[in-house]
Amino acid sequence: MSGASPEHRQPPEQVRYARLLDWAARVGLAVLVVSFAAYVRGLMGAHVPPERLPQLWGHPVDRFIELTGSPVGWGWLQRIHLGDMAGLLGIAILAGGSVVCLLGLVPLYLERRDRAFTLISLAEVAVIVLAASGWLTGRH
């Protein structure tokens with residue numbers, strides 16, 4: 001941003017949101033890559049062994065869950081120590097990155113005494129967390 005004219009500078013909340021989102025994306029991707037490598041190399045136990053996957057890929061998700069005994073909802077957290085379930089942590093980080101970003105904006109808005117944007121940010125976080133909780137679908 002050095003050398004940019006004042007009218008081309010990004011507002012601080014946009015810069016903070018972008019930096020936090022970049023960080024969340026990098027961490028989420030790293031977790032996905034590391035957990036996948038550990039899974040396929042057998043460095044971590046597996047809920048569904050990789051060699052069994054070709055037999056299961058063609059099934060609808062309900063049948064896959066039935067055949068494998070895979071958890072639904074947030075049940076994967078109890079099996080996070082398994083390589084195939086650890087990958088879901090990377091997905092959760094990627095999906096939840098916007099929560100971190102929105103919460104990161106709250107101090108800026110509070111400092112400016114911008115109650116409207118503070119409340120909007122917190123309301124968005126509440127909606128995302130409620131949707132992810134499974135309470136709306138009964139899968140919690």
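Computed from a predicted model, the values in this text were never measured in an experiment. Just so you know, residue 1 is the first one in the sequence shown, and it goes up from there.
Across I80 and M44, no two heavy atoms sit closer than the pair O-CE, 4.1 Å. The two residues V48 and D84 come nearest to each other via the heavy atoms N-OD2, 2.7 Å. Across Q78 and H81, no two heavy atoms sit closer than the pair O-CE1, 3.6 Å.
Each of L103 and V100 belongs to its own hydrophobic cluster when Ile, Leu, Val, Met, Phe, Trp and Tyr are linked at side-chain heavy-atom distances under 4.5 angstrom. Note: the hydrophobic cluster containing L29 does not contain V31 (ILVMFWY, side chain heavy atoms under 4.5 Å, direct or indirect links). No path of Ile, Leu, Val, Met, Phe, Trp and Tyr side chains, each step under 4.5 Å between heavy atoms, connects V33 with I91, placing them in separate hydrophobic clusters. Note: the hydrophobic cluster containing L102 also contains Y109 (ILVMFWY, side chain heavy atoms under 4.5 Å, direct or indirect links). The same ILVMFWY cluster, assembled from side-chain heavy atoms under 4.5 Å apart, contains both W76 and L82.
The structure places CG of L94 at 11.5 Å from CG of L88, a figure rounded to the nearest 0.5 Å. Rounding to the nearest 0.5 Å places CG of L56 at 12.0 Å from CD1 of I65. One distance of note links CG of L32 with CD1 of I93; it measures 8.0 Å at 0.5 Å rounding. The line from CZ of R16 to CG of L108 is 3.5 Å long, rounded to the nearest 0.5 Å.
Sequence neighbours left out, the pairs with a member in residues 21-30 that pass side chain to side chain donor-acceptor pair (under 3.5 Å) are D22-R26. Sorted by first and then second residue, the side chain to side chain donor-acceptor pair (under 3.5 Å) pairs involving residues 32-53 (not counting sequence neighbours) are H47-S70, H47-R79.
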List the atom pairs, with distances to 0.1 Å, where a side-chain N or O of residues 110-131 and a protein N or O form a donor-acceptor pair under 3.5 Å, not counting sequence neighbours.
from	atom 1	to	atom 2	distance (Å)
R112	NH1	E13	OE1	2.9
D114	OD1	F117	N	3.2
T118	OG1	D114	O	2.8
S121	OG	F117	O	2.9

